[in-house]
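All remarks here apply to the structure that follows.
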Number of protein chains: 2
Amino acid sequence: MFVPSTLKDIASALGYSTSTISRALRDTYEISPETKKIIREYAQKINYRPNPIAQSLKERRSKSIGVIVAEVANHYFSQAINGIESIAYDRGYHVIITQTHESYEREKINIQHLASRSVDGLLISLSAETSDTSHLQDLHQKGLPMVFFDRVTEDIITHKVIADNEKGAFEATAHLIQKGYKRIAHLTSSAHLSISIERLDGYKKALAKHHIPFEEAYVKYCPHGGMFYQETENAIKELMNLREKPDAIFVAGDRLSIDCLMVFKNLNIKIPEDIAITGFSNSDVLDLMNPSLTSIRQPAFEMGQIATQMLLKVIESKYPVYDFEKKILDTSLFVR
Amino acid sequence: MFVPSTLKDIASALGYSTSTISRALRDTYEISPETKKIIREYAQKINYRPNPIAQSLKERRSKSIGVIVAEVANHYFSQAINGIESIAYDRGYHVIITQTHESYEREKINIQHLASRSVDGLLISLSAETSDTSHLQDLHQKGLPMVFFDRVTEDIITHKVIADNEKGAFEATAHLIQKGYKRIAHLTSSAHLSISIERLDGYKKALAKHHIPFEEAYVKYCPHGGMFYQETENAIKELMNLREKPDAIFVAGDRLSIDCLMVFKNLNIKIPEDIAITGFSNSDVLDLMNPSLTSIRQPAFEMGQIATQMLLKVIESKYPVYDFEKKILDTSLFVR
DNA sequence: TTGAAAGCGCTAACAT
DNA sequence: ATGTTAGCGCTTTCAA
């Protein structure tokens, strides 16, 4: 079995006390250089590593942060995770990634899991199904540091990092309008998600600016964020069965964009002859489509980095933090 | 600050000893039903959760497993991770995911990280750059349970789960041959990776069976597994500059397939007019291509599940395990 | 049926 | 400069 060596092992091997060993290895000033040398060389030789569990118990922190995202297969999230890791690893923190698969139940379980697992803080992007955040409010009130990114909630006062969803949606919609499309539909995730609300706003503003009336029937929601193919297909079918079929569609998310393309393929709807499409997506594979898709990109990597920096600041603060910030990052329109 | 309640808190609130509380909450037979009731109700009320770090220290296991993959953005790996989580969560284990981004250095750091973090076992898919596995052999000799999946090594005797790479490659290549292609190139990851070797074998066997001579010049390696665009582009360019240009290409991996399509797009190489392509991939987005790609799928989810079951069996075994198994799962050819 | 005490590996206050 | 001791939260042996 796997039995790593401990301070005690070194102590009895070398005839010192465990505290001397501990101090020598952490290079404190009280230990004589010769003793340090002996101890460090021996520790090196047997490849000693301090037991982080014992350290955590002692120091009452685990040097790990929990991440809650919808799914890692989504390029927006995988890029954000890379940003999170780039900061966390540098600062000596572990990253524990969990996926909700857009399920509220799963989100609750994961968060409970992480909290009981004594992570020092949480980086959260809410699931599509989540409208009630009381499971998070409890933890927040108890003082567990948390930072929201991408899909945020107003119910909890803490740091937040989002993209400029309204502007991104505005540009995407305006782009379609400039291309001459008149009947622009909008396919989005669940209605209560912050990103859905903001992107819908941008869509409406673009229509308004160009004097195109907003039609409720042109907006289709996927309460499960496109996790079920049928949900997306039904939404598209409803749009295509309208008396005045849309000639273009603005899709509000990464997963949804891909699902939408699959539906088009399966229903034999041609792009751009039958319908034009543009949407939020960080997937480079969309470039491969022919014709390739114009899309709105979020600075996912950077969002992950900033959220992590904010979280670590709260975690490592000596005093309770009351001053929180909502950082809004710019999106970019990739015209193709 | 976040200060959860402890056994001691309950003990002093209720006037029992901590051991009685501990026993009552874990429902041991010695405690009287009334006492249990009082204690459990109070624990419920204050929402008590045992500190898993203290439990780990005591029980000398962390109830967590570490996963090492190239990158979560790869659909093969994200599906395998879903399989891993499906088993691990059921059995009460946490999953800590780390990415190597195909870098040997990163792999060493991550594994060291996980081991020192006291995971109870490791699920490993080697990075493209890894040829020396001594960093793993050390841990293996010390008794840390590990199971390899997908990219395995012969250097370490333990459980392994792989797809039938040779058969898959054979079928993919044979499919191209049956379609009438004669000059079939092979784009693959680094030469020493188990999957590269097995897929190359399948490719060669299919050629041999159809009496097509094997040409060394038609095989191109990407030592960094396609993590750098330039690597892939150079490989493709070399192929396309050959006197006898290939008319088809069999690509050995998920990431590589997508990179390859990007290169084709950028170099304005048309599919299938200029070249036909088929390859290993679990990305459903490839279905969206027009014409869509014939591909070999691995049962990624199931591979993750089986690897996890194997690992937990070793972890939870009371006696050292000497009897190991290499499970080979079937691939499937998706003709489109 | 319950409690006291030891110990998991580590750190740090308090000796010496 | 080094050692002794207590304690982080929990489980478990031993004692009552």
Side-chain angles (χ1 to χ4, degrees), chain A residues 1-40 42-43 46-64 92 115-120 142, chain B residues 1-40 42-43 46-64 92 115-120 142-144:
Chain A
M1 296 292 95
F2 186 50
V3 183
S5 39
T6 68
L7 284 185
K8 212 200 247 174
D9 297 336
I10 305 183
S12 59
L14 260 39
Y16 287 101
S17 72
T18 58
S19 39
T20 301
I21 309 292
S22 172
R23 282 187 275 239
L25 292 176
R26 277 169 314 107
D27 208 13
T28 59
Y29 65 96
E30 313 124 285
I31 307 296
S32 78
E34 309 87 65
T35 313
K36 272 186 191 166
K37 189 156 173 287
I38 296 171
I39 293 176
R40 311 193 81 147
Y42 184 77
I46 65 165
N47 195 26
Y48 167 81
R49 307 279 156 191
N51 179 332
I53 292 185
Q55 281 175 322
S56 294
L57 183 61
K58 174 78 190 163
E59 284 159 34
R60 303 156 124 252
R61 58 181 171 67
S62 62
K63 278 267 186 178
S64 66
S116 87
R117 185 78 207 158
S118 308
V119 292
D120 297 337
K142 285 194 192 142
Chain B
M1 296 294 96
F2 186 52
V3 183
S5 40
T6 68
L7 284 186
K8 211 199 245 172
D9 297 335
I10 305 183
S12 59
L14 260 40
Y16 287 101
S17 73
T18 57
S19 33
T20 302
I21 309 291
S22 171
R23 281 189 275 241
L25 293 176
R26 273 167 320 103
D27 207 16
T28 58
Y29 64 96
E30 313 122 287
I31 307 295
S32 77
E34 306 88 67
T35 313
K36 272 187 190 167
K37 187 156 175 289
I38 297 170
I39 293 175
R40 311 193 80 147
Y42 183 78
I46 65 166
N47 195 26
Y48 167 81
R49 307 278 158 192
N51 179 331
I53 292 184
Q55 282 175 320
S56 293
L57 184 61
K58 175 77 190 159
E59 284 161 32
R60 303 157 124 257
R61 56 179 172 69
S62 61
K63 279 265 186 181
S64 66
S116 85
R117 187 77 206 159
S118 309
V119 293
D120 297 338
K142 283 194 192 144
L144 182 66

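Side chains are part of it too, since the values below use all heavy atoms of this structure and drop only hydrogens, waters and symmetry mates. Naming: A, B, ... by sequence-line order, numbering from 1 per chain.
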Nearest 0.5 Å, please: how far is OG1 in Thr35(A) from CD in Glu30(A)?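 Interatomic distance, Glu30(A) CD to Thr35(A) OG1, rounded to 0.5 Å: 12.0 Å.
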
Atom pair CZ/CZ of Arg26(A) and Arg23(A) - distance to nearest 0.5 Å: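 It comes to 8.5 Å.
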
Without decimals, in angstroms, what is the distance between [X] [atom1] and [N] [atom2]?
{"X": "Ile39(A)", "N": "dA1(D)", "atom1": "CD1", "atom2": "P", "answer": "13 Å"}
{"X": "Lys8(A)", "N": "dG3(D)", "atom1": "NZ", "atom2": "P", "answer": "16 Å"}
{"X": "Leu57(A)", "N": "dT11(D)", "atom1": "CG", "atom2": "P", "answer": "12 Å"}
{"X": "Leu7(B)", "N": "dT12(D)", "atom1": "CG", "atom2": "P", "answer": "12 Å"}
{"X": "Leu25(A)", "N": "dT2(D)", "atom1": "CG", "atom2": "C1'", "answer": "15 Å"}

Pairing residues for [X] by the side-chain hydrogen bond (donor to acceptor under 3.5 Å, both in side chains) criterion, not counting sequence neighbours:
{"X": "Thr20(B)", "value": "Ser17(B)"}
{"X": "Ser12(B)", "value": "none"}
{"X": "Thr18(B)", "value": "none"}
{"X": "Asn51(A)", "value": "none"}

Take Leu144(B) and Lys142(B) through the side-chain contact (heavy atoms from CB on, under 4.5 Å) test and state the conclusion after the steps. CA-CA 6 Å; Leu144(B) 182 66; Lys142(B) 283 194 192 144; 5.8 Å; no

Would you say the side chain of Tyr48(B) lies within less than 4.5 Å of the side chain of Leu25(B), judging by non-hydrogen atoms?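 With C-beta onward as the side chain, the pair touches.
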
Under 4.0 Å from any atom of DNA chain C, heavy atoms only: list the residues of residues 9-22 of chain B that qualify, in numerical order.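 Heavy-atom contacts with DNA chain C come from Gly15(B), Tyr16(B), Ser17(B), Ser19(B), Thr20(B).
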
Qualifying residues under salt bridge (charged side-chain N to carboxylate O under 4.0 Å, His left out), relative to [X], sequence neighbours excluded:
{"X": "Lys8(B)", "answer": "none"}
{"X": "Arg60(B)", "answer": "none"}
{"X": "Lys36(A)", "answer": "Asp27(A)"}

By side chain to side chain contact (heavy atoms under 4.5 Å, CB included) - contacts of Asp9(A) (at least two apart):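 For Asp9(A), the residues satisfying side chain to side chain contact (heavy atoms under 4.5 Å, CB included) (neighbours in sequence not counted) are Ser5(A), Thr6(A).
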
Given dG9(D), is OP1 or OP2 found less than 4.0 Å from the side-chain N or O atoms of Gln55(B)?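 False: Gln55(B) side-chain N/O out of range (4.0 Å or more) of dG9(D) OP1/OP2.
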
Please determine whether a side-chain nitrogen or oxygen atom of Lys58(A) lies at a distance below 4.0 Å from atom OP1 or OP2 of dG9(D).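 Answer no for this pair, as no side-chain N or O of Lys58(A) is under 4.0 Å from OP1 or OP2.
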
If you walk 5' to 3' along DNA chain C, what is the first nucleotide with an atom under 4.0 Å of a heavy atom in chain B, and what is the last?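 Listed 5' to 3', the contact boundaries are dT1(C) to dG9(C).
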
Going by heavy atoms closer than 4.0 Å, what residues in residues 28-35 of chain B are next to DNA chain D?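 Residues of residues 28-35 of chain B under 4.0 Å from DNA chain D: none.
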
Over all strands shown, is Arg23(A) touching base, sugar-phosphate only, or nothing at heavy-atom distances under 4.0 angstrom?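 Counting heavy atoms under 4.0 Å across all strands, the contact made by Arg23(A) includes a base.
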
Verdict with reasoning, Ile46(A) to Tyr42(A), per side-chain contact (heavy atoms from CB on, under 4.5 Å): CA-CA 6 Å; Ile46(A) 65 165; Tyr42(A) 184 77; 3.8 Å; yes

Angle, rounded to 10°, between the helical axes spanning five pairs at each terminus of the helix from dT1(C)-dA16(D) to dT16(C)-dA1(D)?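 So the angle between the two local helix axes works out to 50°.
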
